Each structure stands twice: as C-alpha cells, then as structure tokens.
Amino acid sequence: MMQRILMIALIIVVVIGGGFYAYKELLPPPEQEAQGPVYSTKPVVRGDITVGIDVTGPLNPSRSGSIQAPGGRNYYEMSAEDIQYTLVEILAAEGTEVKMGQVIARLAAPELQTQIKNAQDELESEKKFLSDLTGLPSERLYEVNPSQGVILRAPID
C-alpha cells in the first residue's frame, strides 16, 4: 500500500512539474516597460562641421534685367544634362549696386571635363555609325549630301 501511495505521489509530482515547465516554456514572459525614453548613444568625435546647399532656379535681380550663368542658352530651355555649377566665391555683397558685365560671383563646374569627354565619345560613336551606313571613311563624312539619303546595301546574296 505504501508503495502504491508513493507511486501516485510520484506521478502527481511529475505531472505538476511537467505542467509547470510547459507553462513557462510556451507562454512568453511579461513585457517590461522601459522607464523613460530609450536613447542610442555614440562616442563624440570633435571635427569640422560642413554644410552644403543644393539649390536650383533662376537668379533674379531686385530690379530689371536678368542674371544668367555662362554656358546656358536660356534658363527655361536648360535641361538637366546641362552644366551644373558650384558657387566658389561671391564678389558682390548683398544690396550692392552692380554694373552691366561686372563679375558678381565665381562658379566652378567640376563635372564639365567629364561631360566634354562623354560628348566627344558620343560624337565619335555617331561618326563611326554614319561612316558604316554611308560606306565612307570618317575623314570624308563632310562629303555626305543629306538630301540624297543613306544608301543601304545587301550584306549577302
């Protein structure tokens, strides 16, 4: 009888222990709310502060006339592929009266050489394409008469 009671007690302990273990494993722990805001931190490094401004638009004088950057045809006709300038130096203070032709700012075009090289490469590619179409060497392309059109020849019989 004692053995039977011991086995029943052991089974009850195993069932309660297993149930408690399953309860702990299956249910997530209660969420702990942070006291106050949570911040992300990083060590401070002393250095120079630089500020950049990216502005597009016309330069409008306070009175009549217009101000135009060199290289552009007309501000309203400019495409996004035209020259982009970076302001290097302002030579006239705000509110100062300037005369026609007076230099008021120095601009730099850092991408200009790349744009020129790309345009030259594209021109050479177009010359080669036209040379292949007309059958003329690229040195004689100036002899092509556009009113006669392009002559197409069969590549095979």
Side-chain angles (χ1 to χ4, degrees), residues 18-157:
F20 184 72
Y21 177 75
Y23 174 76
K24 285 290 194 180
E25 289 297 317
L26 293 177
L27 291 179
E31 293 184 20
Q32 296 178 356
E33 292 186 20
Q35 299 296 326
V38 178
Y39 296 104
S40 176
T41 60
K42 185 174 179 173
V44 176
V45 178
R46 183 177 209 116
D48 294 334
I49 296 175
T50 57
V51 177
I53 299 173
D54 186 14
V55 178
T56 57
L59 300 170
N60 295 320
S62 59
R63 296 194 184 128
S64 65
S66 66
I67 302 171
Q68 186 174 354
R73 296 174 295 279
N74 181 343
Y75 173 73
Y76 298 105
E77 296 174 8
M78 287 181 151
S79 66
E81 299 158 355
D82 281 338
I83 303 167
Q84 294 184 0
Y85 293 102
T86 304
L87 185 63
V88 176
E89 180 182 13
I90 298 176
L91 302 172
E94 185 177 342
T96 306
E97 189 171 319
V98 293
K99 305 226 185 284
M100 183 174 149
Q102 180 179 345
V103 178
I104 58 172
R106 281 190 34 222
L107 304 173
E111 299 289 324
L112 187 58
Q113 291 299 328
T114 306
Q115 289 177 349
I116 290 172
K117 179 158 180 12
N118 290 344
Q120 287 174 339
D121 291 344
E122 185 178 343
L123 179 63
E124 288 302 318
S125 171
E126 294 295 329
K127 279 184 178 179
K128 184 178 181 326
F129 179 70
L130 184 60
S131 175
D132 291 344
L133 280 178
T134 59
L136 291 172
S138 59
E139 299 83 32
R140 294 184 51 210
L141 283 177
Y142 64 90
E143 297 175 9
V144 173
N145 186 353
S147 63
Q148 292 179 345
V150 175
I151 300 171
L152 297 175
R153 295 182 177 88
I156 58 173
D157 290 337

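On a predicted model such as this, the values are computed, not experimentally measured, just so you know.
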With rounding to the nearest 0.5 Å, note down the distance linking [atom1] in [X] to [atom2] in [Y].
| X | Y | atom1 | atom2 | answer |
| --- | --- | --- | --- | --- |
| Glu126 | Asp121 | CD | CG | 12.0 Å |
| Gln113 | Glu111 | CD | CD | 11.0 Å |
| Gln120 | Lys117 | CD | NZ | 7.5 Å |
| Leu130 | Leu123 | CG | CG | 10.5 Å |

How about Ile90: does its CD1 atom have over 12 heavy atoms from other parts shown lying under 6.0 Å from it? no
Using a 4.5 Å cut-off on heavy atoms from C-beta on, say whether the side chain of Ser125 contacts that of Glu122. no
If the test is side-chain contact (heavy atoms from CB on, under 4.5 Å), which one of Val103, Ile104, Val98 qualifies with Leu91? Val103
Heavy-atom closest contact (Ser138 atom, Ser131 atom, distance): N-OG, 3.7 Å
If I compare all heavy atoms of Ala108 with all of Val88, which pair ends up nearest, and what's the gap? CB-CG2, 3.4 Å
